[in-house]
Amino acid sequence: MDYKQTVNLPQTAFPMKADLARREPEMLARWYREDRYGQIRKAVAGRPHFTLVDGPPYANAAIHIGHAVNKILKDIIVKSRTLDGHDAPYVPGWDCHGLPIEQQVEKKHGRIGQKLDARAFRQACREYAASQVDGQREDFKRLGVLGDWDRPYLTMLPRYEAEQLRAFANIIRAGHLERGFKPVHWCLDCRSSLAEAEVEYADRTSPAIDVGFPVTVTADLARRLGINPTSAEGAELAIWTTTPWTLPANQAVCLHPEIEYVLIESAPDGHRRRLLVAAALAAAVLARSGLPEGRTLARCTGSALEGLRLHHPFYEREVPVILGDHVTVDSGTGAVHTAPGHGVEDYQVGRAYGLAVDNPVGNDGRYLPGTELFEGQQVFKANEAIVEVLRERGRLLCHLPYQHSYPHCWRHKTPVIFRATPQWFVSMEQAGLRQRALAEIARVHWVPGWGEQRIAGMVEGRPDWCISRQRAWGVPLALFVHRRSGEPHPRSAELLEQVAERVAQHGLEAWFDLDAAELLAEEATEYEKTDDVMDVWLDSGVVHHCLPALRPDAVPFPADVYLEGSDQHRGWFQRSLLASVAGKGVAPYREVVTHGFVVDDKGRKMSKSLGNVIAPQQVVGTLGADVLRLWVAATDYSAEMSVSDEILKRTSESYRRIRNTARFLLGNLHGFDPATDAVPVEELIAIDAWALAQARRLQEEVVAAYRSYDYHLIYQKVHNFCVIDLGAQWLDILKDRLYTTPAAGHPRRSAQTAMYHVLEAMVRWLAPILSFTAEEIWELLPGKRDASVFMSTWWALPMAAADASLDWEAVMALKADVSRELERLRVAGEIGAPLEAAAEVYLDEAQRARLGAIGEELRFVLITSEATLRPAGERPAEAVAATTVAETGAWIVVRPVEDAKCVRCWHRRADVGADDRHPELCSRCVGNLEGPGESRRWA
RNA sequence: GGGCGUAUAGCUCAGUUGGCUAGAGCGCAGCUCUGAUAAAGCUGAGGUCCUUGGUUCGAAUCCAAGUACGCCCA
């Protein structure tokens, strides 16, 4: 007789080989055919909401691994919260306006006015952005990210743009809008501002000059330096600049507070000259100015000179000495000529000191009418005239050509200048925005915790937010500005509402087409429409306002969580906070989670030149999305995330173990229907109840880790559970019972009942991470169920009361000790499989109390053919202490078994052949085959 | 140069308030099984806890300096 046919071997359609790269797309096609996202929404309707607001990626170029990490983490959040009993919708978004898209369109169609007018240009931008959205969307879907992909929010949707204007109106109502000036790169040939990305650096020779600014009240200087007033007479503070043309706009001279300065006297030809310069540069300044070595009259740090009054080198006005950390002694004199209208640092330090932003230069690069001495001259040509004036007045110390890297227009290849232009700001102070924002930061939960320090530091130190841009592809600022005063219309907020109405209907062309008279009637002649568009950071910064307005069904305000990379503390997190606090008075999120950047296995950033770039498309196309998702989950994202082929290979191996564990469980659930075959919890065999208890404990940890976003712990714990608790312990022990006892008998049904519960629980633990694999398991699990695992919640694992008379921890420890002894027999060539051995275990009273109850069934746990428990006193000399169980009190002897092998259960038993009808079987198998079958209590 | 981080076996991660010979899984090596089989089980070898100094009876853990790397600025 072929007894193999009488053994219940595993059977399942769940393949061992995942073949994810091929099969995931098939599963995806089905999910979208069946509208899986919509089905889930219906199934979970009515549950408490959990809102993750998607930070919109920029709609340009294919996604890289950082995008994949970001979207997968969001997907894990959304799915785990769904399993946790929430209705957690996911509405993805894209950031669609801005310069990079303009540049792409320029490459193809040229600049506005060449082939396309502004309207057609914007249309081309819109089409380009839409095509990029389509490409990225397919890649995101392929990652298994489930969301409302058919109805994403795009910042270029007319309704979004309209809501953005309304959000802007709220900011104006709250009093945060401020008009001001700011220096920007300005091309004299374009006659317009340039973005940072439109500037390229090239070598250029400029006139480098050292100029003396006479101290007006030398007695004040003497007092500060603690010297005789006569010694300070005629003192000049020396500055160095390569842009003489900015001197007419000079408002101050800036020193570093901690650098040491000296007053030095030099007397060429008996003509005394006293200069104030950085000590470290004094010699160099004298040398290039052709002055003989001097004598030091006094020294002090820059901070001692703050507020000292100086005379402008050629205008009849005074300028102060100020302090700034940007000053260095790398070159020059250690004193920086400061013209807030012509430099970003000058502008920033100037704001701190309340300096005027003087801008005497017109958009053609010529000094404006009324500019003393140089009116009408082009700035670069005026350099010579200025040097000449300085020479005449005796203020020029040195004049040399100087070659340096200088910004040029990328189109004209001509040098650009910094020029102050009128801009619009969200003021940090005007209506208390900074203070309010800081208070809100303290109320938000930051993950990891140091994120709070990081963003608070940025908000504390940041300047006003410049929200205007002189660009074509963006949402118009839509203000009416008074022709003379430059102030916005007093009813701006109300007017914006009317503009928003039109934009919602007709798109943002409605603003460009608008005749001011339509809204302003007779006032129209006094106002003009702004040409500016909004900073794209404002586009995405008001998602908190626009998305709930667009999708009231899905996205309440405020959001539960925002999740982005750590660069977004300055970027989206900060802009969203400022925009929300400015418009609504509160933070837009309760919790903010940050992930690190992806680096290679040596911790270096990914770059083409290093050749260490891992493309998500490539990973998904070979190993599969679930392996990529497992890598994301397994990596501690709070710091940098390392990835390499080696790391992905390891991840893939771990995946196989988890998959195979599920496969084994499914295979042994063959023929099990939980509705009719489940054993009542209180009747479960002890080790099955123990396994359930292990699973329960793990589930508590898994759920807690999902709630605290500690996914890498979940991976570790679940993987360990598969390997140790299940693989090495429970499932290995279970095989004999599953295979050899009657298919429908209590021992096997008990095992199946527990396995069923474990797999029901496990498929849910895995689902947020291994979504494809989980759904695959879900479909093959016995029992009636919904279409998707994501329609369910964490599995209620039954609580089986543990029998206190047996200590399972001790049993498993004993098993480990016995394994070590069996290994010695194996190495000695005395046995192969453990079933070729017998174990004798000697226990003292204490250990007997922990282990004794298991009795005869110990052999099933040890997977030996025999196992006996005896008193410690009877142990032979060769017995080995079982140190894992206890330091003393347990000893082991193992030996090969000589009995015949039962061909059915493979145990070596003395009773093989006892039944004439089955000469090759042991009595246990005969009973299982023909009788009611054996009964088990412990294992 | 500044701010915020990170650094524990080849890989991914644990390591409560300072306290046993620093742990786990994977990988690796050896062995076994062939009824989870492009699987499974057993055993074993792997660590200057980034470096240096300090505090302490005692430091992976606390303090200081430094190095490397990452993000954001300058």
Side-chain angles (χ1 to χ4, degrees), chain A residues 3-4 7-12 14-17 324-326 328 330 344-345 348 448-458 460-462 565-571 574 594-606 630-631 633-636 638-644 646-657 659-668 710 712-713 715-724 726-729 731-736 738-740 815-816 818-829 831-836 863 904-906:
Chain A
Y3 291 109
K4 185 151 181 165
V7 178
N8 311 303
L9 294 179
Q11 222 176 305
T12 177
F14 188 82
M16 175 178 282
K17 192 168 182 306
D325 291 332
H326 63 286
T328 69
D330 295 342
V344 175
E345 284 171 334
Q348 281 167 1
W450 49 259
E452 181 171 351
Q453 300 290 330
R454 192 166 148 98
I455 192 169
M458 288 167 177
E460 276 162 15
R462 68 156 296 140
S566 60
D567 55 332
Q568 300 303 334
H569 281 117
R570 174 168 295 273
Q574 188 196 194
T594 313
H595 59 81
F597 273 60
V598 180
V599 296
D600 70 12
D601 49 358
K602 296 183 185 69
R604 296 171 312 186
K605 69 171 94 177
M606 310 226 125
L630 187 60
W631 166 72
T635 306
D636 180 359
S638 67
E640 293 78 57
M641 303 175 73
S642 289
V643 74
S644 65
E646 153 88 8
I647 290 168
L648 287 168
K649 189 179 160 206
R650 290 286 104 81
T651 308
S652 180
E653 283 160 357
S654 299
Y655 168 83
R656 288 216 304 269
R657 180 59 193 240
R659 179 181 181 88
N660 210 32
T661 301
R663 179 170 185 267
F664 182 78
L665 291 169
L666 282 173
N668 283 294
D710 290 317
H712 65 292
L713 300 183
Y715 159 78
Q716 299 274 343
K717 286 168 193 285
V718 172
H719 189 256
N720 263 28
F721 183 71
C722 287
V723 172
I724 304 297
L726 299 186
Q729 300 182 336
L731 296 181
D732 205 29
I733 292 165
L734 232 44
K735 286 178 200 167
D736 173 81
L738 285 164
Y739 299 166
T740 68
K815 182 172 161 62
V818 170
S819 293
R820 196 170 301 113
E821 291 308 305
L822 290 176
E823 179 67 12
R824 286 171 29 164
L825 292 188
R826 195 176 298 124
V827 169
I831 61 162
L835 280 176
E836 291 171 30
I863 319 183
R904 186 166 174 277
C905 74
W906 295 349

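Just so it is clear: chains get the letters A, B, ... in the order the sequence lines come, proteins before strands, and each one is counted from 1.
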Counting just side-chain N and O atoms, does A/Lys649 come under 4.0 Å of either OP1 or OP2 of B/C11?
-> no
Using a cut-off of less than 4.0 Å, is there contact between a side-chain N or O of A/Arg663 and OP1 or OP2 of B/U37?
-> yes
The Watson-Crick or G-U wobble partner of B/U16, with both key distances under 3.5 Å, is none
Could you tell me the separation between the CD atom of A/Gln729 and the C1' atom of B/C42, rounded to a whole number of Å?
-> 13 Å
Sugar-phosphate, base or nothing in reach of A/Asn720, heavy atoms under 4.0 Å = sugar-phosphate
B/C13, B/G70, B/C11: which one has an atom nearest the side-chain heavy atoms of A/Leu713?
-> B/C13
Mind telling me if B/G46 is syn or anti? Syn here is a glycosidic angle within 90° of 0.
-> syn
When the C1' atoms of B/A14 and B/A9 are considered, how many whole Å apart are they?
-> 13 Å
Can you find a side chain N or O atom of A/His712 that sits less than 4.0 Å from OP1 or OP2 on B/A14?
-> yes
Would you indicate what A/Leu835 reaches in the nucleic acid, counting non-hydrogen atoms under 4.0 angstrom: base, sugar-phosphate, or nothing?
-> nothing
Does A/Arg454 have a side-chain nitrogen or oxygen under 4.0 Å from the phosphate oxygens OP1 or OP2 of B/C72?
-> no
Candidates B/G41, B/C13, B/A39 - which lies nearest the side chain of A/Arg656 = B/A39
Nucleotide B/A39, atom C1' - distance to CG of A/Leu726 in whole Å = 16 Å
Listed nucleotide nearest any side-chain atom of A/Gln716, set B/C72, B/U12, B/G10 = B/U12
With sugar-phosphate meaning primed atoms plus P, OP1 and OP2, does A/Gly667 contact a base, only sugar-phosphate, or nothing at under 4.0 Å between heavy atoms?
-> nothing
Rounded to whole angstroms, how far apart are CD1 on A/Ile455 and P on B/G5?
-> 14 Å
Donor-acceptor contact present, side-chain A/Arg826 to main-chain A/Gly832, <3.5 Å | yes
Looking at B/C42, does its base get a donor-acceptor pair with the side chain of A/Arg820 below 3.5 Å?
-> no
Whole angstrom is fine here: how far is it from CG in A/Leu9 over to P in B/A39?
-> 19 Å
Could you tell me the separation between the NE2 atom of A/His569 and the P atom of B/C71, rounded to a whole number of Å?
-> 15 Å
Going by an N to O cut-off under 4.0 Å, is there a salt bridge joining A/Arg824 and A/Glu821?
-> yes
Run the side-chain contact (heavy atoms from CB on, under 4.5 Å) check on A/Thr635 and A/His712 step by step: do they pass?
-> CA-CA 5 Å; A/Thr635 306; A/His712 65 292; 6.0 Å; no
Could you tell me whether A/Ile647 contacts a base, only the sugar-phosphate backbone, or nothing, with contacts defined as non-hydrogen atoms closer than 4.0 Å?
-> sugar-phosphate
N or O in side chain of A/Lys735 less than 4.0 angstrom from B/G35 OP1/OP2 | no
Salt-bridge test for A/Glu646 and A/Lys649: reply yes if a basic N is under 4.0 Å from a carboxylate O, no otherwise.
-> no
Spacing of the P atoms in B/U17 and B/A24 (rounded, Å) | 22 Å
Sugar-phosphate, base or nothing in reach of A/Arg462, heavy atoms under 4.0 Å | nothing
Tell me what A/Thr635 touches on the nucleic acid: a base, only sugar-phosphate, or nothing, going by heavy atoms under 4.0 Å.
-> sugar-phosphate
Closest to side chain of A/Ala728, choosing from B/G5, B/C26, B/C42 | B/C42
Return the nearest nucleotide to the side chain of A/Met16; candidates are B/C13, B/A38, B/C26.
-> B/A38
Report yes if the ring of A/Trp906 lies under 5.5 Å from the six-membered base ring of B/G35 with planes under 30°, and no otherwise.
-> yes
Any A/Arg657 side-chain nitrogen or oxygen under 4.0 Å from OP1 or OP2 of B/G41 = yes
Within the structure, does a side-chain N or O atom of A/Tyr3 lie under 4.0 Å from either OP1 or OP2 of B/G35?
-> no
Give one of base, sugar-phosphate or nothing for A/Arg824, where a contact means two heavy atoms less than 4.0 Å apart.
-> nothing
Does the pair A/Arg820/A/Glu823 count as a salt bridge with the N-to-O cut at 4.0 Å?
-> no
Identify which nucleotide among B/G27, B/C4, B/C13 has an atom closest to any side-chain atom of A/Gln453, counting heavy atoms from C-beta outward.
-> B/C4
Can you check the A/Leu731 CG to B/A39 C1' distance for me, whole Å?
-> 13 Å
Take atom P in B/U61 and the same atom in B/G19, then report the distance between them in whole Å.
-> 10 Å
Among B/G5, B/C13, B/C42, which nucleotide sits nearest the side chain of A/Glu640?
-> B/G5
pair_partner(B/C49), Watson-Crick or wobble, both distances < 3.5 Å, evaluates to none
Between CG of A/Leu666 and C1' of B/A36 the distance, given in whole Å, is 12 Å
Please check if the side chain of A/Arg657 supplies one atom and the backbone of A/His719 the other of a donor-acceptor pair under 3.5 Å.
-> no
Mind checking A/Lys602 for me? I need base, sugar-phosphate or nothing, with any heavy atom below 4.0 Å counting as a touch.
-> nothing
Determine the interatomic distance between C1' on B/C57 and the same-named atom on B/A74; round to the nearest Å.
-> 48 Å
Is there a donor and acceptor pair closer than 3.5 Å between the side chain of A/Glu653 and the base of B/G25?
-> no
Would you check if the side chain of A/Arg454 reaches a backbone N or O of A/Ser566 as a donor-acceptor pair within less than 3.5 Å?
-> yes
Starting from P on B/G70, measure out to NE2 on A/His595 and report it in whole angstrom.
-> 18 Å
What integer number of Å spans the P atoms of B/A45 and B/G53?
-> 32 Å
Got a donor-acceptor pair under 3.5 Å from the side chain of A/Glu823 to the base of B/U32?
-> no
When all nucleic acid strands are considered with a 4.0 Å heavy-atom cut-off, which category describes A/Ser644: base, sugar-phosphate, or nothing?
-> nothing
Using the P atom on both, measure B/A64 against B/U55 and round to a whole Å.
-> 15 Å
Salt-bridge present (A/Asp732, A/Lys735; N to O < 4.0 Å) | yes
Under 3.5 Å, is there a donor-acceptor pair between the side chain of A/Trp906 and the main chain of A/Glu836?
-> no
Closest to the side chain of A/Thr740, out of B/G35, B/G70, B/C11, is B/G35
What distance, rounded to whole Å, do you find between the two C1' atoms, one in B/U43 and one in B/C33?
-> 15 Å
Taking the same atom, C1', in B/C4 and in B/G23, what whole-Å distance lies between them?
-> 31 Å
When all nucleic acid strands are considered with a 4.0 Å heavy-atom cut-off, which category describes A/Gly727: base, sugar-phosphate, or nothing?
-> base
Could you tell me which nucleotide pairs with B/C31 by Watson-Crick or G-U wobble geometry, both distances under 3.5 Å, or answer none if nothing does?
-> B/G41
If you look at every strand shown and take non-hydrogen atoms under 4.0 Å, does A/Val723 touch a base, only sugar-phosphate, or nothing?
-> sugar-phosphate
Could you tell me whether A/Arg659 sits above the aromatic face of A/Phe14, with NZ or CZ closer than 6.0 angstrom to the six-membered ring centre and within 45 degrees of the axis?
-> yes
